[in-house]
Amino acid sequence: MGLEFLWQGVLSITPQQVVMYVVGGLLIWLAIEKGFEPALLMPMGFGAILVNLPLSGVINQVSEGIGETHGIIQWLFEVGIEASEAMPILLFIGIGAMIDFGPLLANPKLFLCGAAAQAGIFLTILFAAGVGFDLKDAASIGIIGAADGPTSILVSQILKSDYVGAIAVAAYSYMALVPIIQPFAIKLVTTKKDRAMRMPYRAQGVSKRLRILFPIVVTAIAGLVAPSSVALVGFLMFGNLIRECGVLTSLSQTAQNELANLITLLLGITISFSMRAEQFVQLETLMIMGLGLVAFVLDSVVGVLFVKVLNLITPKNKINPMVGAAGISAFPMSSRVIEKMGQEADSQNHLLMHAVAANVSGQIASVVAGGVVLQYFANNPIL
C-alpha cells in the first residue's frame, strides 16, 4: 500500500478553504490580540479551520469499506441547534441571571429607548430584500441588528436561512466592535452640546416583590403579543427570576458562570459547521457583513433621534440623546461607550446608570423583536 494518503489531504485543499483558514485565523487574532468577544470568536475561528480541512473528521464522512462516520461538530449542530435550537436558548438563562433590571425599573421611561433602538432590524430587512435576498434570508439578516448573537442564530436557523454562518459571524463581530461603531454613529447625529447634557441620577430602591414580578409579567405580555418569542423571552426572564428570587443563589451563580461559559464555548465551535467554504465564500457573505454594519449604525442613529424627539414632547427631565443609542442589546459594552463619550464631552458628566437602564431594556426589546420577526415570517405563506 502506498503512502499517497499522507498528502491526499494537502492536494485536496481548495482556494475557498484557504480563504476560510484566513477567516478562522482572523477571528482567533481578534479574540487574542484585540480581546473582541474571545469566548465566542476563538471557538468560531478554530472551528472554521476544523470544518474546512479536507475529509475532516469533525463532520460526517463516507469512507469506502467503512460507510458513514459521524463528526462531532456536525452532530452538535444537528442536535443542539438544528433540531431544537437548544444552545442559543439555554444561553439566555445565563444572560438573564447576569442582568440587574433595577436601574430600568427605577426609570421606566427608558423602556422606550430599548424599543426605538430595534428599528435597525426592520429597516435592514427592507434593505436586504431590496438588494435581492428572499424574505427568509432578509429577515435573518435584519436580526443582526438585535445586537444579540444567540437571537441571530436562533432566528436564522428557524427560518432556515442559507446564510446562518455569515449571520453569526456578522452578529458577534459587530457586537465586539460596538466601541468603534457606536461613537461613529452617535457623532453623526449629535453635537458636543448634546453629548455633554447631564442627567442627575437618584438611586431609588426597587422592592423585591417588583423585581420578582417583573420577569413573570414581561414573559406573559410578550407571550401574548408574540407567542414565538416565548422561548427567547421566557428563558431570559427565567434566568432573571433565578437571580432575583433570593432562594437560588448558588444556581444563579452557576447560571451566570459555569452554564453561560460552557454553552458559549460549545455554541461558538458548533456554529462553525455553517462556515464551510462552499457556503461561506460567496459574494452574499460580503453583502451580509455590510448589511449587518448598516443595522448596527441604524440602531444607534434611530435611538438617538428618538430621544431627541421625546425631549421635544416631554421637555421636563430630558434624556441625554446618547442614552437612546444604548437601547441596543450589546450589554454592557454600549453602556460603557455612552459613559465614556459623556465624559469626553464633560468630565463631570456621568451617564452610566441611565445607559445601563436603556441597555437592559434593549435586552428585552431585542428578544421580543426576534419573536415578532419569527411570528410574522415563519407563518408567512410567501416564504
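Put simply, the side chain of Gln256 never gets that close to the backbone of Met98: no donor and acceptor are under 3.5 Å apart. In terms of modelled atom types and a separation under 3.5 Å, the side chain of Ser173 and the main chain of Ala170 share no donor-acceptor contact. The backbone N or O of Leu351 sits less than 3.5 Å from a side-chain atom of Glu339, completing a donor-acceptor pair. One N or O on the side chain of Tyr21 and one on the backbone of Asn52 form a donor-acceptor pair closer than 3.5 Å.
Asn240 places none of its side-chain heavy atoms less than 4.5 Å from the side chain of Leu236. Counting heavy atoms from C-beta on, the side chains of Lys318 and Val307 never come closer than 4.5 Å.
A donor and an acceptor atom, one from each side chain of Ser335 and Asn359, are located under 3.5 Å apart. In the model, Thr249 has no side-chain atom that pairs as donor or acceptor with a side-chain atom of Gln253 under 3.5 Å. When only modelled atom types and interatomic distance are considered, Thr190 and Arg195 share a side-chain donor-acceptor pair under 3.5 Å.
Contacts of Leu262 classified as side-chain contact (heavy atoms from CB on, under 4.5 Å), with partners at least two apart in sequence or in another chain: Leu266. With sequence neighbours left out, Arg211 forms a salt bridge (Lys or Arg N to Asp or Glu O under 4.0 Å) with Asp100, Glu244. Partners of Glu78 by side-chain hydrogen bond (donor to acceptor under 3.5 Å, both in side chains), not counting sequence neighbours, listed by chain and number: Gln74. Partners of Lys208 by salt bridge (Lys or Arg N to Asp or Glu O under 4.0 Å), not counting sequence neighbours: none found. With sequence neighbours excluded, the residues that form a side-chain contact (heavy atoms from CB on, under 4.5 Å) with Ser207 are Arg209, Leu210.
Summarising the local packing, CZ of Phe306 is surrounded by more than 12 heavy atoms from other residues, nucleotides or ligands at distances under 6.0 Å.
Applying the side-chain hydrogen bond (donor to acceptor under 3.5 Å, both in side chains) test to every pair with at least one member in residues 281-290, sequence neighbours left out, gives no pairs at all. Pairs of residues two or more places apart, or lying in two chains, that qualify as side-chain hydrogen bond (donor to acceptor under 3.5 Å, both in side chains) and include a residue from residues 290-306 are Gln182-Ser300. A side-chain hydrogen bond (donor to acceptor under 3.5 Å, both in side chains) check over residues 149-162, counting only residues at least two apart or in different chains, returns the pairs Asp137-Ser161, Asp148-Thr151. Screening residues 263-272 for side-chain hydrogen bond (donor to acceptor under 3.5 Å, both in side chains) gives no qualifying pairs among residues at least two apart or on separate chains. Listed by first then second residue, pairs satisfying salt bridge (Lys or Arg N to Asp or Glu O under 4.0 Å) with a partner in residues 327-338 number zero, not counting sequence neighbours.
Checked for salt-bridge contact, Lys308 and Asp194 meet the test: a charged N lies under 4.0 Å from a carboxylate O.
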* Asked: How far apart are the C-alpha atoms of Ile28 and Ile49, what are their side-chain angles, what is the distance that settles it, and do they pass the side chain to side chain contact (heavy atoms under 4.5 Å, CB included) test?
  -> CA-CA 10 Å; Ile28 293 172; Ile49 296 172; 4.3 Å; yes
* Hey, mind stepping through Phe127 and Val131 against side chain to side chain contact (heavy atoms under 4.5 Å, CB included) and telling me if it holds? -> CA-CA 6 Å; Phe127 293 152; Val131 297; 5.7 Å; no
* To do: Apply the test side chain to side chain contact (heavy atoms under 4.5 Å, CB included) to residues Leu53 and Val58: give CA-CA distance (whole Å), side-chain angles for both, the deciding distance (0.1 Å), then the verdict.
  => CA-CA 9 Å; Leu53 293 171; Val58 299; over 6 Å; no
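Checked against a 6.0 Å centroid threshold, the rings of Phe238 and Phe92 do not count as neighbours.
Applying the under-4.5 Å side-chain rule to Ile, Leu, Val, Met, Phe, Trp and Tyr, the cluster around Leu312 consists of that residue alone. Other members of the cluster containing Met197 do not exist, because no ILVMFWY side chain is joined to it at under 4.5 Å.
Note that CG of Leu41 is 6.5 Å distant from CG of Leu30, once rounded to the nearest 0.5 Å. Rounding to the nearest 0.5 angstrom, the gap separating the CE atom in Met237 from the CZ atom in Phe214 is 5.0 Å.
A cation-pi arrangement is absent between Arg276 and Phe280, since the terminal nitrogen or guanidinium carbon is not both under 6.0 Å from the aromatic centre and inside a 45° cone about the axis.
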